[in-house]
Q: 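Handing you a structure now.
The shown structure was predicted, so the numbers you read here are calculated from the model rather than taken from an experiment. Naming convention: chains lettered A, B, ... in sequence-line order (proteins, then strands); numbering from 1 in each chain.
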Amino acid sequence: EPEVTQTPSHQVTQMGQEVILRCVPISNHLYFYWYRQILGQKVEFLVSFYNNEISEKSEIFDDQFSVERPDGSNFTLKIRSTKLEDSAMYFCASSEQVGQGAYEQYFGPGTRLTVT
Amino acid sequence: GQNIDQPTEMTATEGAIVQINCTYQTSGFNGLFWYQQHAGEAPTFLSYNVLDGLEEKGRFSSFLSRSKGYSYLLLKELQMKDSASYLCAVPHNTDKLIFGTGTRLQVFP
């Protein structure tokens, strides 16, 4: 069964450093997302991406964050200058379509980001 | 805006039935999802309801009442592996998912 993959599984970085989290969505999917989950808290939407541009972003997704689809398969989330509060599990997700219907989002296994 | 409420924790015994409730307030409604999340892992899709009524899928069923803003997930013949968090989520603007805090279910032998 096709799946979303993410690398690395765990990233440790120092405050102020840049990190890039990588995702490979399911190949025929057109809609891509990043979510994060701080330990013990709920899953929160960060950004959605379609047709090579951001379709929606949350308040969390400030100027320190950016997303890119550099080629036909990868989808990346960059945090320019990490803060302690960026420590969380970051999930990439993709879906075939959006709109009314059972267009479930498939989640990757996540990248655990630890900022020290 | 969106608001989703679920109980924080529930416990149940192996072989039993458990019902996990979710109430929601949304501006517009495009269905409701249930996801399962084991500790440290990604959410995995369980069910989607957009019409009122019960959808059955093996040991798991999901119910929706749009007029009451209410859904529940019913798990039958509980197994130890069902110990996980169960996340209620609604799509907003047909796109992003808004998640509840999740209900952590512990199944005991």
Side-chain angles (χ1 to χ4, degrees), chain A residues 1-6 9-10 23 25-26 29-51 53-61 67 88-112 114, chain B residues 1-9 20 22 24 26-53 55-57 60 62 64 66 71 73 84-104:
Chain A
E1 187 174 328
E3 57 183 18
V4 177
T5 59
Q6 290 185 242
S9 57
H10 192 184
C23 168
I26 294 172
H29 285 188
L30 302 175
Y31 298 83
F32 314 118
Y33 311 85
W34 284 101
Y35 293 85
R36 79 169 186 192
Q37 186 175 32
I38 294 170
L39 188 63
Q41 297 187 24
K42 64 181 176 181
V43 177
E44 300 175 287
F45 168 78
L46 291 178
V47 66
S48 56
F49 192 86
Y50 168 69
N51 201 25
E53 60 183 27
I54 290 173
S55 47
E56 188 173 358
K57 58 184 180 181
S58 72
E59 294 171 354
I60 303 166
F61 195 90
V67 288
M89 183 77 101
Y90 288 80
F91 293 109
C92 173
S94 69
S95 67
E96 195 174 348
Q97 292 190 49
V98 296
Q100 195 154 37
Y103 299 125
E104 66 181 276
Q105 292 181 21
Y106 293 78
F107 284 77
T111 294
R112 180 166 297 286
T114 303
Chain B
Q2 271 67 32
N3 191 42
I4 300 170
D5 287 309
Q6 310 178 231
T8 307
E9 286 197 19
I20 302 173
C22 170
Y24 63 89
T26 61
S27 51
F29 182 73
N30 289 305
L32 184 143
F33 288 87
W34 283 96
Y35 279 81
Q36 181 191 59
Q37 186 181 28
H38 284 99
E41 297 183 12
T44 54
F45 171 80
L46 288 177
S47 68
Y48 173 75
N49 294 68
V50 67
L51 299 175
D52 289 350
E55 297 267 348
E56 296 189 67
K57 201 188 278 188
F60 292 6
S62 55
L64 176 68
R66 288 173 295 172
S71 174
L73 182 70
S85 287
Y86 291 86
L87 316 181
C88 177
V90 292
H92 179 60
N93 292 339
T94 73
D95 195 345
K96 69 185 183 191
L97 288 176
I98 305 297
F99 284 89
T101 53
T103 299
R104 189 166 150 241

Q: Please give me the minimum heavy-atom distance between B/Leu97 and A/Phe45, naming the atom from each residue.
A: O-CB, 4.0 Å

Q: Restricting to non-hydrogen atoms, name the atom on A/Gly108 and the atom on B/Ala42 that form the minimum distance, rounded to 0.1 Å.
A: O-CB, 2.8 Å

Q: Which residue out of A/Arg112, A/Glu44, A/Gln105 racks up the most heavy-atom pairs below 4.5 Å with chain B?
A: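 The candidate making the most pairs under 4.5 Å is A/Gln105.
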
Q: Is it the case that over 12 heavy atoms from other parts of the model lie below 6.0 angstrom from the CD atom of B/Glu9?
A: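 Yes.
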
Q: I need the A/Ser58 OG to B/His92 NE2 distance, nearest 0.5 Å.
A: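 That separation rounds to 11.5 Å.
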
Q: What distance separates A/Phe91 CZ from B/Gln37 CD, expressed to the nearest 0.5 Å?
A: 5.0 Å

Q: Of the backbone (N, CA, C, O) and the side chain (C-beta and beyond), which part of A/Glu56 lies under 4.5 Å from a heavy atom of chain B, both, or neither?
A: side chain

Q: Verify the distance criterion only: is there a donor paired with an acceptor across the side chains of B/Asp95 and A/Tyr33 at less than 3.5 Å?
A: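 Indeed, the side chains of B/Asp95 and A/Tyr33 share at least one donor-acceptor pair under 3.5 Å.
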
Q: Under a 4.5 Å heavy-atom cut-off, does chain B meet the side chain of A/Tyr35, its backbone, both or neither?
A: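 Interface part for A/Tyr35: side chain.
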
Q: Does CZ belonging to B/Arg104 count more than 12 external heavy atoms closer than 6.0 Å?
A: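 At most 12 heavy atoms, drawn from other residues, nucleotides or ligands, come within 6.0 Å of this atom.
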
Q: Given that the side chain runs from C-beta out, which part of B/Leu87 has a heavy atom under 4.5 Å from chain A: side chain, backbone, both or neither?
A: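 Answer is side chain: those atoms of B/Leu87 sit under 4.5 Å from chain A.
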
Q: Given A/Tyr103 and B/Tyr48, is the ring-ring contact (aromatic ring centres under 6.0 Å, His included) satisfied, shown in steps?
A: CA-CA 9 Å; A/Tyr103 299 125; B/Tyr48 173 75; 8.3 Å; no

Q: Can you say whether A/Gln37 sits under 4.5 Å from chain B via the side chain, the backbone, both, or neither, judging by heavy atoms?
A: side chain

Q: Please give me the minimum heavy-atom distance between B/Phe99 and A/Lys42, naming the atom from each residue.
A: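 Shortest heavy-atom separation between B/Phe99 and A/Lys42 comes out as O-CD, 3.5 Å.
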
Q: Heavy atoms only: give me the nearest A/Glu104-B/Phe45 pair and the separation to one decimal.
A: OE1-CB, 3.0 Å

Q: Once rounded to the nearest 0.5 Å, what's the spacing between atom NZ of B/Lys96 and atom NZ of A/Lys57?
A: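 Answer for the NZ-NZ pair, B/Lys96 versus A/Lys57, is 12.5 Å.
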
